[in-house]
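What you see below is based on every heavy atom in this structure, not just the backbone, and it leaves out hydrogens, waters and symmetry mates. The shown structure was predicted, so the numbers you read here are calculated from the model rather than taken from an experiment. A, B, ... follow the sequence lines: proteins, then strands. Residue 1 opens every chain.
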2 protein chains.
Amino acid sequence: MTSDARERMVRSAAYLFRERGFSGTAFSDVIAHSGAPRGSIYHHFPGGKAQLAEEAVRYAGEFLSAGVRAATRDDDPVAAVRAFLGWWRRVLVDSDFKAGCPVVAVTVESQLSGAAADAFGRWGDALATGLTAAGAAPARAGRLATLIVSAVEGATLLCRANRSLDPLDDVTAELEDLIEAACGTG
Amino acid sequence: MTSDARERMVRSAAYLFRERGFSGTAFSDVIAHSGAPRGSIYHHFPGGKAQLAEEAVRYAGEFLSAGVRAATRDDDPVAAVRAFLGWWRRVLVDSDFKAGCPVVAVTVESQLSGAAADAFGRWGDALATGLTAAGAAPARAGRLATLIVSAVEGATLLCRANRSLDPLDDVTAELEDLIEAACGTG
DNA sequence: GTCTATACGAAGATAGAC
DNA sequence: GTCTATCTTCGTATAGAC
């Protein structure tokens, strides 16, 4: 399978962007990490680095929204949110606070806003769906989902700066209370 | 005054980082934007680009926390928060959604976590002080301040990606309700 | 303190063979 | 599809004169 190498490159790009950022990740890094053949970069990605970044963002958007949907439970409004927060907690801990969100890296450094907006939107939609199913009013669920995505992305940045999980813990505590109140649960 | 050029370079770096990121901003860009003399870069910043970035982050941290303190009113718990959010709203609108937070840019791209943690900490402390003065319990005020900083930083990213103020508006609405409840106000 | 010139090292992208 | 070699651009940093 030759397009296997292609997919590995996309995944490696997403992985490396988290720690080194967009400009800080060279093609050679992606090649080294993915084990993909060097000569086929522009065969698979004629649009160059921008195309690779766009697909990495799309991959991250799809991957995490699928995770949120899988963790959604009608009877537990915070289950999906906890899964979402738990994912970021793991990224931080596993990387010793060196890695963050690849979508954020691309948003800050490049002008690929379309792909980033799509990824953020997918996460928000997945969370909002879960909150609505748990009893929140649809409009409120949308606002809460935006708050959750925003707060988690921001807290991840604070955690990296502080080399500590404290900011994410604080945010988690506040968000869970807020969500339970919005879903009419005790 | 010769150290005037130095300060202009720091401010220009902070300004340019918001839009182009850390790696995307070259010394030549800082020179062009600040009008500072080219030959004095390493005279003023012997530590090179890393030192310039560190001082730019420090400058941003000091600048915004001073703004929050100035806007703090004992009788209005959301006044300082509104000022903080309003600052970011203005950055987004004035730049046509191309600019964000310089501290975030440095956090994502470089390893200057100390300076970034200090900046985030100053903002949080300034906000927490205002919330405490307005009636929130100290421990709660700290958690809320962390949530506010996180959510605003994240929302700014979402706004840039979406080229829209909607995420920040959603976050603002949720945060103001939460703050008023925490301060025992109606 | 400020200048010019340059060394040095990436990194993205392309060309053409296999 | 994949390889190697190379072009080109750019940016940090240094050296040394004024």
- Item | C/dC3 phosphate, OP1 or OP2, under 4.0 Å from B/His43 side-chain N/O | no

- Could you tell me the separation between the CG atom of B/Leu16 and the C1' atom of D/dG11, rounded to a whole number of Å? 15 Å

- Counting side-chain heavy atoms from C-beta on, which of D/dC3, D/dG11, C/dG12 comes nearest to A/Lys49? C/dG12

- Distance, nearest 0.5 Å, that separates NE2 of A/His44 from CD of A/Gln51: 11.0 Å

- Message: Heavy atoms from C-beta onward define the side chain here; which of D/dT2, C/dA13, D/dG11 lies closest to that of A/Tyr42?
- Response: C/dA13

- Rounded to the nearest Å, what distance is computed from the CD1 atom of residue B/Ile41 to the P atom of nucleotide D/dT14? 12 Å

- Note on the structure: Atom CZ of B/Phe27 and atom P of D/dT14 are separated, to the nearest Å, by 10 Å

- Task: Please report, rounded to the nearest Å, how far the C1' atom of D/dA13 is from the CG atom of B/Leu52.
- Result: 14 Å

- Query: Can you tell which of D/dT2, C/dC3, D/dC3 lies closest to the side chain of A/Ser40?
  - Reply: D/dT2

- Task: Could you pull out the closest heavy-atom pair between A/Arg163 and B/Ser113, with the gap in Å?
- Result: NH2-OG, 3.3 Å

- Query: How many Å lie between CZ on B/Arg8 and C1' on C/dT2, as a whole number?
  - Reply: 14 Å

- Give B/Thr25 one of three labels, base, sugar-phosphate or nothing, depending on what nucleic acid heavy atoms sit under 4.0 Å from its own. sugar-phosphate

- Item | A/Ala26 side chain, from C-beta outward: closest of D/dT2, C/dA11, C/dT2 | C/dA11

- Query: Rounding to a whole Å, what distance do you find between B/Arg38:CZ and D/dT12:C1'?
  - Reply: 10 Å

- Query: Do B/Glu62 and B/Arg122 touch side chain to side chain, with heavy atoms closer than 4.5 Å?
  - Reply: yes

- Query: For the pair made of CG in A/Asp4 and P in D/dT2, what is the distance, rounded to whole Å?
  - Reply: 10 Å

- Message: Rounded to whole Å, how long is the line connecting atom CD1 of A/Ile31 with atom P of C/dA13?
- Response: 13 Å

- Task: Give, for atom CZ of B/Phe63 and atom CH2 of B/Trp87, the distance between the pair rounded to the nearest 0.5 Å.
- Result: 4.0 Å

- Closest nucleotide among C/dA13, C/dC3, C/dA11 to the A/Ser28 side chain: C/dA11

- Message: Could you check whether any side-chain heavy atom of B/Ile179 comes within less than 4.5 Å of a side-chain heavy atom of B/Ile148, counting everything from C-beta outward?
- Response: yes

- Item | Whichever of A/Pro46 and B/Ala36 has its nearest DNA chain C nucleotide further upstream toward 5' | B/Ala36

